[in-house]
Chemist: 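Let me give you the structure first, and then I'll get to my questions.
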Amino acid sequence: MYTVIGNPATRAMRVMWMLEELGEPYDLVPSVPHSPEVTALNPSGKVPVLKIGDRVLTESVAICQFLADRHGKLTFPAGTVERARQDGFTQFSVDVLEGALWTAAKNSFIHPKDLRVPAVKPVCAAEFESGLAHLAAMLGDGPYVMGETFTVPDLLLGHCSKWAQAAKFALPSEGALADYFARVTSRPAFQAARKRGADATS
């Protein structure tokens with residue numbers, strides 16, 4: 001049994017979504033970053049934290065890829081060209097899209113007020129928009145970034161699209177990229193994770 005520790009409004013949603021995709025049962029402990037139950041397991045105070053018995057894993061991307069590898073789903077095998085391409089999309093999602101969103105968030109409500117630089121947020125929005133243009137150019141003919149197979153980067157990119165909505169970053173309203181985000185976030189597993197998160201925090 002897995003235990004996910006973290007607020008579903010954070011990147012903990014990624015791990016919940018992954019477990020729903022895999023059909024694996026899990027307990028959810030809704031916890032905010034830097035709360036005592038989080039820092040006891042992860043000194044950085046970041047969420048999510050995944051517990052497997054007495055073992056602890058941190059960092060959402062590492063957790064999601066671990067789960068995919070462990071259960072042999074939503075991923076191509078390590079050492080294949082397909083996995084290298086898949087990992088390229090994963091790195092793109094983290095470096096480009098999530099990087100812009102995270103920097104904007106840190107300068108909106110995470111850093112202490114005297115350390116925030118609000119002027120950086122338009123730069124982040126521009127970087128995000130540029131990243132979307134690159135993603136649109138990289139999308140192939142398949143429904144997902146790796147063609148017919150839904151993989152870890154699709155989950156990360158879908159989560160980034162919802163994060164962008166919450167941050168009021170511009171997203172396309174039509175076209176291939178808009179269709180891609182709608183297709184990814186309409187998956188039953190995402191909807192199930194979203195409902196479970198809402199129920200847990202209501």
Side-chain angles (χ1 to χ4, degrees), residues 1-35 37-39 41-42 44-52 56-71 73-75 89-106 108-110 124 128 131-132 135 144-145 150-169 171 180-202:
M1 173 71 80
Y2 297 107
T3 300
V4 180
I5 302 170
N7 189 322
T10 68
R11 284 172 278 201
M13 175 57 66
R14 295 173 173 176
V15 179
M16 295 167 60
W17 183 1
M18 172 62 73
L19 289 166
E20 295 286 352
E21 290 280 357
L22 295 172
E24 291 294 322
Y26 62 97
D27 292 326
L28 173 63
V29 181
S31 304
V32 297
H34 304 289
S35 59
E37 61 267 32
V38 172
T39 55
L41 297 169
N42 184 7
S44 76
K46 289 175 62 178
V47 295
V49 172
L50 181 71
K51 287 189 69 178
I52 312 169
V56 174
L57 297 178
T58 62
E59 300 297 335
S60 64
V61 176
I63 293 170
C64 287
Q65 187 59 60
F66 160 77
L67 290 169
D69 286 334
R70 189 181 206 202
H71 294 281
K73 299 176 183 177
L74 282 71
T75 188
F89 278 108
T90 295
Q91 292 300 317
F92 172 85
S93 72
V94 174
D95 290 344
V96 179
L97 300 186
E98 181 178 328
L101 291 163
W102 182 229
T103 300
K106 286 185 288 187
S108 296
F109 57 88
I110 294 173
C124 295
F128 185 83
L132 290 182
L135 178 59
Y144 305 114
V145 295
F150 180 87
T151 55
V152 171
D154 293 302
L155 185 151
L156 301 175
L157 291 165
H159 180 261
C160 282
S161 74
K162 292 301 184 183
W163 185 350
Q165 284 181 341
K168 296 181 168 43
F169 275 31
L171 286 169
Y180 167 73
F181 286 136
R183 183 163 52 249
V184 168
T185 57
S186 66
R187 290 175 66 87
F190 175 77
Q191 299 301 323
R194 203 176 198 183
K195 183 179 186 306
R196 181 159 181 181
D199 290 345
T201 54
S202 60

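Excluded from the calculations below are hydrogen atoms, water molecules and symmetry mates; all remaining heavy atoms, backbone and side chain alike, are included. The model shown is predicted, which means the values in this text are computed figures rather than measured ones.
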Chemist: Quick one, Leu74 and Leu67 - any side-chain contact, counting heavy atoms below 4.5 Å?
Modeler: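 They are not in side-chain contact.
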Chemist: Would you check if there is a donor-acceptor pair between the side chains of Gln65 and Thr75 at a distance under 3.5 Å?
Modeler: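 Yes, because at least one side-chain N or O of Thr75 sits under 3.5 Å from a partner of the opposite role on Gln65.
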Chemist: Quick one: are Val56 and Val49 in side-chain contact, heavy atoms under 4.5 Å?
Modeler: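 When only atoms from C-beta onward are counted, Val49 and Val56 do touch, with a gap below 4.5 Å.
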Chemist: Between Arg187 and Glu21, does the salt bridge (charged side-chain N to carboxylate O under 4.0 Å, His left out) criterion hold? Intermediate values first, please.
Modeler: CA-CA 9 Å; Arg187 290 175 66 87; Glu21 290 280 357; 2.7 Å; yes
Chemist: Are side-chain heavy atoms of Leu155 and Cys64 found at a separation under 4.5 Å?
Modeler: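 The answer is yes; the side chains approach within 4.5 Å.
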Chemist: Please report the shortest heavy-atom distance between Phe89 and Val145, naming the atom on each side.
Modeler: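 So the two residues come closest at CE1-O, 3.7 Å.
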Chemist: Evaluate the ring planes of Tyr144 and Phe150, with Trp represented by its six-membered ring, and classify them as parallel (under 30°), tilted (30 to 60°) or perpendicular (over 60°).
Modeler: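 It falls in the perpendicular class, over 60°.
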Chemist: So which atom in Ala12 and which in Asn7 form the shortest heavy-atom distance, rounded to 0.1 Å?
Modeler: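 In this case the closest contact between Ala12 and Asn7 is CB-O, 3.5 Å.
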Chemist: Would you mind telling me which of Thr10, Thr201, Val4 makes a side chain to side chain contact (heavy atoms under 4.5 Å, CB included) with Pro30?
Modeler: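 Of Thr10, Thr201, Val4, side chain to side chain contact (heavy atoms under 4.5 Å, CB included) with Pro30 is met by Thr201 alone.
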Chemist: Can you tell me how far the CD atom of Gln165 sits from the CZ atom of Phe181, to the nearest 0.5 Å?
Modeler: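 Output value for this atom pair is 9.5 Å.
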Chemist: Please examine the side chains of Trp102 and Trp163, heavy atoms only from C-beta on, and report whether any two atoms are closer than 4.5 Å.
Modeler: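 Contact flag for Trp163/Trp102 side chains = yes.
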Chemist: Nearest heavy-atom pair of Ser31 and Ser35: which atoms, and what distance?
Modeler: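 Taking Ser31 first and Ser35 second, the nearest heavy atoms are CB-OG, 3.8 Å.
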Chemist: Considering residues, nucleotides and ligands other than Lys162, do more than 12 of their heavy atoms fall under 6.0 Å from its NZ?
Modeler: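 Enclosed: over 12 neighbouring heavy atoms sit under 6.0 Å from NZ of Lys162.
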Chemist: Enter the distance from Arg70:CZ to Leu22:CG here, rounded to the nearest 0.5 Å.
Modeler: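 If we round to the nearest 0.5 Å, Arg70:CZ and Leu22:CG are 11.0 Å apart.
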Chemist: Do side-chain atoms of Asp69 reach the backbone of Phe66 as a donor and acceptor pair under 3.5 angstrom?
Modeler: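 Not a single qualifying donor-acceptor pair exists.
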Chemist: Donor-acceptor pair, Ser93 side chain versus Thr90 backbone, under 3.5 Å?
Modeler: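 Judged by distance alone, yes, a pair lies under 3.5 Å.
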Chemist: Ala193 and Tyr26: which non-hydrogen atoms are nearest, and at how many Å?
Modeler: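 So the two residues come closest at CA-OH, 4.5 Å.
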Chemist: Is there a side-chain contact between Asp154 and Tyr180 in this structure, where contact means two heavy atoms from C-beta onward sitting under 4.5 Å apart?
Modeler: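 Touching, per the 4.5 Å side-chain cut-off.
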Chemist: Quick check against the 3.5 Å criterion: does Glu20 have a side-chain atom that pairs as donor or acceptor with the backbone of Gln191?
Modeler: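 Such a contact is absent between Glu20 side chain and Gln191 backbone.
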Chemist: In Å and rounded to the nearest 0.5 Å, what is the CZ to CG distance from Arg196 to Leu19?
Modeler: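 So the CZ of Arg196 and the CG of Leu19 are separated by 9.0 Å.
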Chemist: Does any non-hydrogen side-chain atom of Leu132 lie less than 4.5 Å from one of Leu171?
Modeler: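 When only atoms from C-beta onward are counted, Leu132 and Leu171 do touch, with a gap below 4.5 Å.
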Chemist: Nearest 0.5 angstrom please: Ile5 CD1 to Asp27 CG, how far?
Modeler: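 These two atoms lie 10.0 Å from each other.
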Chemist: Do Phe128 and Val96 make a side-chain contact, defined as non-hydrogen atoms from C-beta onward lying under 4.5 Å apart?
Modeler: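 Not touching, per the 4.5 Å side-chain cut-off.
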Chemist: Is any side-chain heavy atom of Val61 less than 4.5 Å from a side-chain heavy atom of Leu156?
Modeler: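 Yes, their side chains come closer than 4.5 Å.
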Chemist: Would you name the heavy atoms of Pro8 and Leu28 that are closest together and state the gap between them?
Modeler: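 Taking every non-hydrogen atom into account, CG-CD2, 4.1 Å.
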Chemist: Applying side-chain contact (heavy atoms from CB on, under 4.5 Å), name anything that partners Ser60, two or more places apart in sequence or on another chain.
Modeler: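 With neighbours one apart ignored, the set is Arg11, Arg14, Pro48.
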Chemist: What distance separates Leu101 CG from Cys160 SG, expressed to the nearest 0.5 Å?
Modeler: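 The distance works out to 5.5 Å.
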Chemist: Over all heavy atoms of both residues, which pair between Met18 and Ala68 is shortest? Give the atoms and the distance, please.
Modeler: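 Nearest pair, atom of Met18 first, then Ala68: CE-CB, 4.3 Å.
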Chemist: Would you give the length of the straight line joining atom CD of Glu59 to atom CG of Asn42, rounded to the nearest 0.5 angstrom?
Modeler: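 So the CD of Glu59 and the CG of Asn42 are separated by 7.0 Å.
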